[in-house]
Amino acid sequence: MTIFLLITVFLILIVIGAPVAVALGGSVILVSYFMDPMPIAVIGQKIFSNLDHFTLMAVPFFFFAAALMETGGLVKRLVALANSLVGHWTGGLGVTTVLSCCLFASISGSSPATVAAIGKLMYPALIKEGYKSRYALGAIVTAGSIGILIPPSIPMIIFGFVTETSVARLFIAGIIPGIIYATGMMIMARYLAKKDKNILRPKASWKIRLQTSRAALPALLLPIIIMFGIYGFPEFNIFGFEYEGGAIFTPTEASIIATVLAIVIGMYVYKELNFKTAVATMIKTAPSAGMIFFITTNALLFAYFITKIGIPQAVTNFVLSLDMPQWLFLLLINFIFLIIGFFLEGVPVVLMFVPVLFPAAVQMGVDPIHFGIIVVLNIELGLVTPPVGLNLFVGSAITNQPIWEVFRGALPWMIVTIITLFIITYIPSISTFLPNLFYK
Amino acid sequence: MKRKKKYKNNFLERLDNLLFLVENYLIGFFLVTALIIGALQVTLRYAFNTGFEWSETVFVLATIFAMLIAGSRAIKTEQHIAVDVFVLLLQKKIQIFFKKICYIIFLSLVIYYLIAGFEFSQFSKMMDVISPELDIPEWIFYAMVPFAMTFFLLRLIIKIFSKTDLHLDNAKRVNKIIKNG
């Protein structure tokens, strides 16, 4: 009865358009008041303690790093580098878009941020070079979704936080799937450009390539520092300076370092940023992360309540009672996330559904890291599917094209997302190989 | 009647501007503090093999506080994610009606959290718990929730009593967010 009421209240609030955080918190408060009262002070404590976790602090700082990269001129240098390297290929600018998204994704943890940053630069360039509008729109919104697969990734941080899985392991697990996805996107970029008979661009000279590489070098150092910082160097002892090996900093500290480096590079190397603009950029970006924090605290209150009334356990028991094979369970998981992805964004999806489905997945023998990557890939698909696909909205906003047009542009590219999803789902070693190698 | 309405709008506008300013200062100050302390923590630990035992706590508290206030700003910029596809199918007047209803529900939840946060701060004050890292009473940390909820409350009052925009579709809303931050 309690669960029936909880779901009914939650759905009513969602349907009338209440914010997801309000639907989560409101349904718990109302239902617990009538069915299973919780002391008001406990809720007061939970609102604060749900956020009081060091891991969660990585979310705003990766947001800031991405925004500061854009304001500080790092993004345009990365795009110029990608363009000089692959711009002359068939579908060169499409491939450049994918490569730029990968480079940006290795510092930003957000897909919409990747679409906005790269799309603003690449959409006019693609149109100017004679690419069809749908091609350009599809390339931007789908390649932008790589932002959450290549580390760092905000949904991975939230997944690690909710399931108590190592965020560093999740990050490294995203690398091979990210490369597979990006390769698929590049193949699609070439195939569609060939079909549209796009004109080939001249190859950039080595002098230009060297210039763009030199200009982009400080920006490229950022992901390298982040990765080495999280996964560490082998042990060494040089002139008495001893290092025992292992990680240098945690993913949260990596987010701080990324933000600081983005400010330093923007201010002192590219000279396109000053202290005032840097702070203004952080203030401007803060509401996106603040909204995630408010959803998080409400979603964890929701998760606490459903755990208290035994829902995750009941779901696990139900799944086990069906006695289905693992492949069917994973197919079902993908189907469930696909449907959810039509209506919800990435972070709420992780916060609301992972606590319910994760115990069942573990009981079914699915590796937690593998499950995390499957969830992230499903989120990527959800980002480009209407009616609630955030990448579609961002793509539409920055290009002034209707949502429907953006979605139609994204359709052929989504084939790559779906194929990648199936490959990753049914070959777990793609996700688990690197974490197992680094963390024996 | 007209004068009363004008006075109300002026008051809401002034309140909005004041909140905007205070939010900017609070978010900016606490984020810069968190960033400096976070960077210092990493540098001191790995370069000089030393550090302050309070740095992680201050970093986390400053970030949480900035994010709670940023959550209030997200009400102004309409960044709190909602599934509005069903409401968008309705007539404009009904859309506005539902939007107001949602704001009122949001306001009720915020009032509840404000009271809950206040109750827990009071309880913590009564228990006289001292933070081991910072050596200050812990109720001060918990008071962040009612303090931030007051900002949420004021923002929602502005939203409820000011003229509601005709419902923006998501693309227009994202565009507005990109333009205005």
Side-chain angles (χ1 to χ4, degrees), chain A residues 13-22 25-26 29 40-45 47-48 51-54 57 60-61 64 112 116 248-249 252-253 256-257 259-260 279 282-295 343-345 347-348 387-388 390 392-394 396-398 402-403, chain B residues 24 27-28 31-32 34-35 38-39 41-42 46 56 59-60 63-64 66-74 76-77 79-87 95 98-99 101-102 105-106 108-109 112-113 115-121 123 141-142 144-146 169-175 178 181:
Chain A
L13 290 174
I14 285 288
V15 168
I16 65 167
V20 174
V22 176
I29 301 297
I40 191 165
V42 171
I43 293 170
Q45 183 208 15
I47 296 301
F48 179 83
L51 300 174
D52 189 13
H53 298 275
F54 190 64
M57 304 306 128
F61 287 97
F64 301 146
I248 298 170
F249 38 71
T252 305
E253 288 169 340
I256 301 165
I257 298 298
T259 308
V260 172
V279 176
M282 283 177 20
I283 294 173
K284 208 170 157 184
T285 322
S288 310
M291 171 271 293
I292 290 181
F293 267 54
F294 194 59
I295 292 183
F343 302 99
L344 278 174
E345 312 294 352
V347 173
V388 187
L390 197 55
L392 296 180
F393 299 140
V394 177
S396 163
I398 58 170
I403 296 272
Chain B
N24 270 1
I27 296 170
L31 282 183
V32 172
L35 193 64
Q41 184 184 339
V42 181
Y46 294 104
E56 188 172 310
F59 165 74
V60 171
T63 312
I64 294 177
M67 287 303 105
L68 284 173
I69 301 295
S72 151
R73 171 64 64 82
K76 178 184 167 67
T77 50
Q79 273 171 279
H80 282 282
I81 295 175
V83 182
D84 45 12
V85 280
F86 308 109
V87 181
Q95 283 182 28
F98 275 123
K99 202 169 181 182
I101 293 284
C102 289
I105 295 169
F106 198 165
S108 316
L109 183 72
Y112 186 86
Y113 284 167
I115 298 168
F118 184 74
E119 289 269 328
F120 187 68
S121 307
F123 173 75
F141 312 156
Y142 302 125
M144 269 183 201
V145 174
D169 67 31
N170 281 304
K172 282 182 191 157
R173 191 159 64 203
V174 173
N175 210 357
I178 291 172

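Every chain is numbered from 1 and lettered A, B, ... according to where its sequence line falls, protein lines coming before strand lines.
Side-chain contact between B:M67 and A:L51 is absent, with no heavy atoms from C-beta onward closer than 4.5 Å.
Using cut-offs of 30° and 60° for the angle between ring planes, the A:F294 and B:F106 rings count as parallel.
Heavy-atom pairs under 4.5 Å with chain B peak, among A:V279, A:D52, A:V260, A:T252, at A:D52. Among the candidates A:F343, A:F54, A:F249, the residue making the largest number of heavy-atom pairs closer than 4.5 Å to chain B is A:F54. In terms of heavy-atom pairs under 4.5 angstrom with chain B, the leader among A:I43, A:I256, A:L13 is A:I256. The residue among A:V20, A:V347, A:I295, A:I292 with the most heavy atom pairs within less than 4.5 Å of chain B is A:V20.
If you measure heavy-atom distances from B:V145 to chain A, the contacts under 4.5 Å come from the side chain alone. The contact between B:L31 and chain A is made by backbone and side chain atoms together, counting heavy-atom distances below 4.5 Å. Heavy atoms closer than 4.5 Å to chain A are found in both the backbone and the side chain of B:F141.
Under a cut-off of 6.0 angstrom, the local environment of CZ in B:F123 is sparse, with at most 12 non-hydrogen atoms contributed by other residues, nucleotides or ligands.
With ring centers used as reference points, B:Y113 lies 6.0 Å or more from A:F48.
For A:T259, the side-chain hydrogen bond (donor to acceptor under 3.5 Å, both in side chains) criterion is met by no residue, not counting sequence neighbours.
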